[in-house]
Protein chains: 2
Amino acid sequence: MAQPKKAASIWDVARLAGVSHQTVSRVVNGSPRVAAATRDKVLEAIAELGYRPNRLARSLAGGAAESVTVLTADTSLYGPEAALRGIEKAARALDWSVQISVLDPADTHSDADIIARLPRAGEPTIIMAHDEPGMRAKQVLLDQQPHAMVAIGPYTAEELAASPWLVGMDDGKAAAEATRYLLDLGHTTVHHLAIPTSTGTFGGGKAHRAEGWARVLREAGRPVPEPVPSGWTIAEAFKAVQPLVADPEVTAILCGNDHLALATLRAAHLAGRSVPGDLSIVGFDNTPFSAYTTPALTTVNQDFESVGRGAFELLRHRVDGSIPRPVPGWPEPELIVRETSGPPSSS
Amino acid sequence: MAQPKKAASIWDVARLAGVSHQTVSRVVNGSPRVAAATRDKVLEAIAELGYRPNRLARSLAGGAAESVTVLTADTSLYGPEAALRGIEKAARALDWSVQISVLDPADTHSDADIIARLPRAGEPTIIMAHDEPGMRAKQVLLDQQPHAMVAIGPYTAEELAASPWLVGMDDGKAAAEATRYLLDLGHTTVHHLAIPTSTGTFGGGKAHRAEGWARVLREAGRPVPEPVPSGWTIAEAFKAVQPLVADPEVTAILCGNDHLALATLRAAHLAGRSVPGDLSIVGFDNTPFSAYTTPALTTVNQDFESVGRGAFELLRHRVDGSIPRPVPGWPEPELIVRETSGPPSSS
DNA sequence: ATCAGATAGGTGAACGTTCACACCGGGCGG
DNA sequence: CCGCCCGGTGTGAACGTTCACCTATCTGAT
């Protein structure tokens with residue numbers, strides 16, 4: 001058995017059951033207008049032939065979507081990975097299929113390249129990329145099929161209001177909260193090890209975390225040190241943070257994510273600075289490992305999985321107007337104080 | 001612009017260019033038998049209408065695959081995540097699309113459920129799941145479409161030879177190497193904090209890492225302690241490892257992966273045992289963070305991304321016999337000695 | 001002049017579904 | 001007793017491609 005014989009189609013089932021193909025279709029799709037006896041016959045034939053519907057043909061004929069393409073940055077980052085998980089779960093629950101396509105900055109991405117990624121025109125798409133190709137992809141889709149796309153990203157309340165296709169969390173506010181917490185602990189100021197922004201180099205583009213951090217410092221009348229730019233990898237962060245940990249004036253560092261915080265933790269250790277005694281470190285994202293480092297990372301929890309789910313719901317709403325617009329129901333980012341933060345030693 | 005107007009089809013292009021739909025098809029697919037003048041006309045029409053081929057229709061008609069479905073366990077694990085990345089990269093390079101479907105043990109998975117995940121019968125599929133639903137899925141596919149599936153998993157040389165649809169690394173050998181290394185360091189024996197096996201509970205199913213570890217101990221005539229079973233999460237590992245770190249007799253622990261090793265590291269720290277002074281810890285997988293813990297983890301590097309790429313190549317070979325069978329070309333697992341391992345303090 | 005062979009292009013069916021509609025018989029209100 | 005509606009089913013077209021095959025036209029050799 002299991003010869004590569006052709007798969008059974010709806011017609012084969014119809015013939016075997018002695019009904020029309022349409023009746024089979026009705027049975028498969030659970031239409032109520034089928035007599036019980038007929039249904040049983042069809043079901044039997046389906047079982048015997050091992051028939052299963054061809055999704056391709058289904059989509060082609062029905063025009064029904066039932067499928068979502070996720071355009072994402074490198075999935076080795078925790079945020080995109082968790083959001084993808086949320087999307088996949090939500091999609092699976094509704095029996096949608098999920099396509100994934102990674103936007104690699106190394107590829108040359110003309111607009112045509114991006115478009116070619118979509119299985120078909122109007123394919124519902126979620127974009128999850130904060131780098132340059134991601135931004136271009138967003139723009140392209142916004143022009144071409146604004147009703148069938150949703151982007152995940154950091155937002156401020158104003159941005160969300162202005163962009164009905166945007167989903168995300170106000171991580172600027174969370175960064176502000178973390179900064180205020182460190183200030184309240186007695187630190188004179190807080191330094192910032194920053195993740196790359198959408199334009200690649202620090203300074204341009206959106207950098208909500210950095211903005212929230214700077215705002216609090218300004219409001220408190222504290223010096224605002226130049227943020228230290230880091231790449232996404234731990235190795236890059238480790239290198240970038242060296243001057244910070246070497247400087248005894250630096251008593252608190254807010255890191256753009258937990259990987260950067262881990263690198264900072266190790267750099268501090270190697271530089272002979274005790275944490276949190278000499279140096280407080282706060283991370284971002286509450287990556288699973290963060291509770292188990294030694295000392296355990298103080299960090300900001302973000303429920304990316306819920307955001308992913310929210311993005312999926314919003315997409316459904318936008319594709320099919322009859323589905324109610326979801327209310328963003330995920331928890332706000334929240335500071336989790338663990339062991340890497342404390343008052344400065346001088347105080 | 002950008003009204004949700006229907007996307008242009010090959011027929012629309014044909015009409016505008018004043019040729020037949022087939023000629024358009026030829027131009028799109030780069031057939032040589034089209035006059036230059038005709039080609040230009042068609043190209044122009046394509047540009048004007050913003051036409052792009054519908055992949056669905058293409059696959060339906062052509063039977064051509066150009067698409068792979070990845071059935072995976074939880075992507076929050078490093079191994080599957082990295083392998084998925086490898087698959088996606090390889091697929092993208094060839095312009096194949098990638099579908100992802102997560103096998104959640106929490107769902108009830110009848111065989112039918114698993115089959116329903118495939119977009120269509122015979123859809124080329126890669127399975128990447130070491131747990132129970134994954135094993136069932138593997139069996140189902142093996143029965144239904146053995147020529148269009150590949151599984152990723154741990155293997156021994158014999159298993160690989162016996163299963164032309166299997167791709168993986170001999171992590172039993174790597175576990176053996178790590179165990180031997182610890183023994184050579186002077187440890188009397190090595191304990192094992194084990195990841196779950198394919199059957200859920202420890203003991204059944206394939207557990208190559210555990211087997212390699214036990215074999216070396218037996219060969220060296222050392223006592224083989226009962227392996228300690230852990231779940232996949234760090235929290236579970238932290239709980240499971242408590243008795244091990246509390247026991248001063250235990251001087252070396254081989255952990256099933258780096259997350260478990262991290263939990264062990266923290267548990268040891270809290271129990272007041274110094275690493276590697278009192279206790280040596282060796283992880284598995286060389287997860288990115290492992291080089292930056294304090295102390296940095298000794299671990300076994302595994303190039304999952306290459307394995308993913310290899311799986312994709314093998315799948316192509318199996319689906320289309322004309323493609324040569326790839327030779328497994330990835331690096332062998334390799335022990336990376338960092339800071340969590342050393343001779344026992346008593347020696 | 002004639003014809004084989006190449007070159008350029010067209011025609012119709014097929015892929016596996018769903019959709020819109022037509023059909024048939026029986027129960028029920030008038 | 002008639003007509004209507006409705007449950008149950010069938011028919012044909014459509015979705016957007018590719019594939020297999022057919023038809024012109026032009027070339028150059030016989």
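Keep in mind that the numbers below use all heavy atoms, side chains included, and drop hydrogens, waters and symmetry copies. Below, read A as the first sequence line, B as the second, and so on, with proteins coming before strands; counting in each chain starts at 1. This structure is a prediction, so every number in the text was calculated from the model and none was measured.
Residue B:Asn29 contributes atom CG, which lies 14 Å from atom P of D:dA20 at whole-angstrom precision. The interatomic distance linking B:Asp12 (CG) with D:dC15 (C1') rounds to 12 Å, in whole Å. Per the geometry, CG belonging to A:Leu60 stands 12 Å off P belonging to C:dT18, to the nearest Å. Following rounding to the nearest Å, A:Ile10 (CD1) and D:dG10 (P) show an atom-to-atom distance of 12 Å. Put simply, CG on B:Leu49 is 15 Å from C1' on D:dG16, counting in whole angstrom units. When rounded to the nearest whole Å, the span between CZ of A:Arg15 and P of C:dG16 equals 11 Å. Distance, B:Leu56 CG to C:dT17 P: 13 Å, rounded to whole Å.
Relative ring orientation between B:Trp11 and B:His21 is described as tilted, the plane-to-plane angle lying within the 30° to 60° band.
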Determine, for nucleotides 6-13 of chain C in 5'-to-3' order, which nucleotides have protein heavy atoms under 4.0 Å from the base (write B), from only the sugar-phosphate (write S), or from neither (write -).
-> -BSBBBB-
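Scanning all heavy atoms of the two residues, the minimum distance from A:Gly168 to A:Val307 falls at CA-CG1, 4.2 Å. Shortest non-hydrogen contact noted between B:Arg325 and B:Pro164 is NH2-O, 3.1 Å. Taking each heavy atom of A:Leu315 and A:Pro124 in turn, the nearest pair found is CD2-CB, 3.6 Å. In this structure, A:Lys41 and A:Val19 approach most closely via the heavy-atom pair NZ-CG1, 4.4 Å. Taking every heavy atom of both residues into account, B:Pro53 and B:Val28 meet most closely at CG-CG1, 4.0 Å. The shortest non-hydrogen separation linking B:Ile10 to B:Tyr51 is N-CE1, 3.6 Å.
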A:Glu81/B:Ser76 under side chain to side chain donor-acceptor pair (under 3.5 Å): CA gap, chis, key distance, verdict = CA-CA 7 Å; A:Glu81 186 264 318; B:Ser76 60; 5.0 Å; no
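Under the salt bridge (charged side-chain N to carboxylate O under 4.0 Å, His left out) criterion, the residue pairs touching residues 309-318 of chain A are A:Glu313-A:Arg316, with sequence neighbours excluded.
Here the side chain of A:Ser25 is nearest to one of C:dT18, D:dT18, C:dG16, namely C:dT18.
Two end axes, each from the C1' atoms of five base pairs, can be drawn for the helix from C:dA1-D:dT30 to C:dG30-D:dC1; they diverge by 50°, to 10 degrees.
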